[in-house]
Amino acid sequence: MIGTDGFMGLSEKRRKQLFWQVPFLLFLIAGTLFIVKQQRSMPYQKDHGFVFGTVYSITYQCEQNLQAEIEEELKAVDNEFSMFNEQSTVSKINTQEHPQLSKRFMKVYELACDVHQKTDGAFDVTVAPLVNAWGFGFKNESLPGDAQVDSLRSFVGMQLLTLDKTAQQLLKKDDRVMLDFSAVAKGYGADCVAALLRRRGVKNFMVEIGGEVVTQGISPSRMPWRIGVTKPTEDSLQATQSLQAVLNVTDRAMATSGNYRNFYYNGGRKYAHTIDPRTGYPVQHSLLSATVLASDCATADAYATAFMVMGIDRAKALLERQSELLAYFIYSDAEGRYAVWCSPTLNDAVSK
């Protein structure tokens with residue numbers, strides 16, 4: 001600090017500078033305290049609804065409710081990627097139409113291609129015929145035999161698709177190719193809602209669509225957002241929702257895929273909802289749940305699905321190459337007990 005004597009000893013120019021700087025600094029401090037107080041008193045909105053065949057829950061700090069805008073954004077995503085919406089872009093392509101693609105669609109398709117390449121084909125948006133054949137899609141057929149699986153595999157594979165950026169169209173080399181973006185649409189929808197909230201100046205929020213999550217800032221309790229990872233249980237109806245762990249997740253996106261959530265038994269054998277597009281058959285390995293954290297939820301969603309196809313060893317090998325991804329895996333060990341592995345840098349964020 002500068003005492004009275006020290007102040008008087010300063011040059012006239014310096015005294016004038018301090019004369020203006022001190023009030024300005026006090027003004028800044030007062031303004032900051034006012035903003036913090038105002039921010040603390042701003043209410044949190046909580047919206048719930050149904051989209052993409054699942055429920056959404058969105059909590060965000062804002063003076064006004066934005067649910068109408070949120071649902072409009074979600075409707076726009078549904079109009080692109082829903083297999084159940086006959087007017088969606090995906091439905092039109094699946095019925096041999098050639099709609100002009102939006103920038104939104106091409107962005108997600110290019111992400112799908114990137115994840116497909118980096119996972120050696122474990123992620124594939126043309127897997128729909130196989131999913132339907134095994135009874136996990138919107139059709140319920142009897143279990144396929146080896147001959148049927150081989151036949152279906154002839155028109156499954158992203159190498160059968162070509163994106164014409166000039167004409168803005170997606171071309172199929174075989175009309176029987178069917179698109180299924182369900183492994184990325186929920187995550188992308190969460191990203192779109194998060195982007196909307198940011199455009200509206202919202203600093204603190206959590207967007208959750210069917211278990212896919214994007215967070216920013218702090219929760220209503222003034223703490224980092226904490227997201228639960230469901231414990232694997234043989235509960236195809238999802239009536240049991242006990243948690244394996246809780247992750248402190250802020251300013252990140254998170255998605256979970258798990259074959260314990262959707263399966264059936266046939267002839268005493270358990271068939272998972274995760275289909276390996278490369279073999280045509282449901283996966284049979286020890287990985288029960290894959291939770292992925294990434295900078296955006298579409299990416300997390302796609303890799304969570306791919307890891308369920310790849311299994312824990314191949315997934316861990318990919319994570320070593322993709323340092324921007326973090327993962328929390330629940331698997332069955334050699335004795336059949338639940339075990340956990342997570343990325344080393346994620347350990348501090350886990351509350352057990």
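Because the structure is a prediction, the values reported are computed rather than measured.
- In this structure, Ser257 and Ala304 approach most closely via the heavy-atom pair CB-O, 3.6 Å.
- Using modelled atom types, one side-chain atom of Gln169 and one backbone atom of His98 make a donor-acceptor pair closer than 3.5 Å.
- With hydrogens and angles ignored, the 3.5 Å screen pairs a side-chain donor or acceptor of Ser343 with a backbone N or O of Ala327.
- With hydrogens and angles disregarded, a donor-acceptor distance shorter than 3.5 Å links the side chain of Thr215 to the backbone of Val249.
- Taking CG from Asp47 and OG from Ser57, the interatomic distance works out to 8.5 Å, rounded to the nearest 0.5 Å.
- Enclosure of atom CD in Gln96 by more than 12 non-hydrogen atoms of other residues, nucleotides or ligands within 6.0 angstrom is indicated.
- In terms of modelled atom types and a separation under 3.5 Å, the side chain of His285 and the main chain of Met308 share a donor-acceptor contact.
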Worked check of side-chain contact (heavy atoms from CB on, under 4.5 Å) between Ile209 and Leu74: CA-CA 10 Å; Ile209 303 177; Leu74 292 173; 3.7 Å; yes

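- Smallest separation of non-hydrogen atoms from Gly121 and Pro277: O-CG, 3.3 Å.
- Rounded to the nearest 0.5 angstrom, Thr299 OG1 and Gln322 CD are separated by 9.5 Å.
- No donor-acceptor pair closer than 3.5 Å links the side chain of Gln168 to the backbone N or O of Leu163.
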side-chain contact (heavy atoms from CB on, under 4.5 Å) evaluation trace for Ile312 with Phe307: CA-CA 7 Å; Ile312 190 167; Phe307 289 161; over 6 Å; no

Tyr281 and Trp134: CA distance, side-chain angles, deciding distance, ring pair (Phe, Tyr, Trp, His ring centres under 6.0 Å) verdict: CA-CA 8 Å; Tyr281 291 90; Trp134 285 99; 5.7 Å; yes

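- The pair Glu110-Lys103 does not meet the salt-bridge criterion, since no charged nitrogen lies less than 4.0 angstrom from a carboxylate oxygen.
- Asp180 places none of its side-chain heavy atoms less than 4.5 Å from the side chain of Asn94.
- At a threshold of 4.0 Å, the pair Arg278-Asp276 counts as salt-bridged, since one of the basic side-chain nitrogens sits closer than that to a carboxylate oxygen.
- Hydrophobic cluster membership is shared by Val156 and Leu143, with clusters built from Ile, Leu, Val, Met, Phe, Trp and Tyr side chains linked at under 4.5 angstrom.
- Side chains of Leu161 and Lys172 form a contact here, defined as non-hydrogen atoms less than 4.5 Å apart.
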Pair Val193-Ile58, side-chain contact (heavy atoms from CB on, under 4.5 Å): steps then yes or no: CA-CA 9 Å; Val193 172; Ile58 303 171; 3.7 Å; yes

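- When atom types are taken as modelled, the side chain of Thr95 and the backbone of Ser91 share a donor-acceptor pair closer than 3.5 angstrom.
- The two residues Ala185 and Val77 make their nearest non-hydrogen contact at O-CG1, 4.2 Å.
- Between Val214 and Ala253, the closest heavy-atom pair is CG2-CB, 4.1 Å.
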Worked check of side-chain hydrogen bond (donor to acceptor under 3.5 Å, both in side chains) between Gln216 and Arg198: CA-CA 9 Å; Gln216 179 176 294; Arg198 293 185 184 107; 2.8 Å; yes

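- Side-chain atoms of Asn79 and Thr89, non-hydrogen and from C-beta on, never get closer than 4.5 Å to each other.
- For the atom pair NZ of Lys75 and CD of Glu80, the computed distance is 13.0 Å after rounding to the nearest 0.5 Å.
- The only member of Phe52, Phe123, Phe105, Tyr188 that meets ring-ring contact (aromatic ring centres under 6.0 Å, His included) when paired with Phe181 is Phe105.
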Intermediate values then yes/no, salt bridge (charged side-chain N to carboxylate O under 4.0 Å, His left out), Lys186 and Glu208: CA-CA 9 Å; Lys186 288 187 298 180; Glu208 187 263 329; over 6 Å; no

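- Here Met158 contributes atom CE and Cys113 contributes atom SG; the two are 3.5 Å apart, rounded to the nearest 0.5 Å.
- By the 4.5 Å heavy-atom criterion applied to side chains, Leu170 and Tyr109 are counted as neighbours.
- The closest donor-acceptor contact from the side chain of Glu212 to the backbone of Asp301 lies at 3.5 Å or more, if one exists at all.
- Proximity of a side-chain donor or acceptor of Ser286 to a complementary backbone N or O of Asp333 within less than 3.5 Å is not detected.
- Summarising the geometry, atom CG belonging to Leu318 is positioned 8.0 Å from atom CG belonging to Asp120; distances are rounded to the nearest 0.5 Å.
- Using a distance-only test at 3.5 Å, with no hydrogens or angles considered, a donor-acceptor pair links the side chain of Tyr44 to the main chain of Ser219.
- Cluster membership for Met106 and Leu160, using ILVMFWY side-chain heavy atoms within less than 4.5 angstrom, is shared.
- More than 12 heavy atoms of other residues, nucleotides or ligands sit less than 6.0 Å from atom CZ of Arg104.
- In this structure, the separation between OH on Tyr303 and OG1 on Thr119 is 7.0 Å, given to the nearest 0.5 Å.
- Pairing each heavy atom of Gly217 with each of Asp251, the nearest pair is N-OD1, 3.0 Å.
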side-chain contact (heavy atoms from CB on, under 4.5 Å) between Glu69 and Leu196, intermediate numbers included: CA-CA 8 Å; Glu69 294 179 48; Leu196 166 67; 3.8 Å; yes

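- Side-chain contact between Asn65 and Tyr60: present, with at least one pair of heavy atoms (C-beta onward) separated by less than 4.5 Å.
- Of all non-hydrogen atoms in Thr126 and Asp124, the two that sit nearest each other are OG1-OD1, 2.6 Å.
- Linking ILVMFWY residues whenever their side-chain heavy atoms come closer than 4.5 Å, directly or via other members, places Trp341 and Leu287 in the same cluster.
- Contact check for Gln61 versus Lys203: no side-chain heavy atoms found under the 4.5 Å cut-off.
- For the pair Ile93 and Met178, the minimum side-chain heavy-atom distance is 4.5 Å or more.
- Ser154 is listed as a side-chain neighbour of Arg176, based on a closest heavy-atom distance under 4.5 Å.
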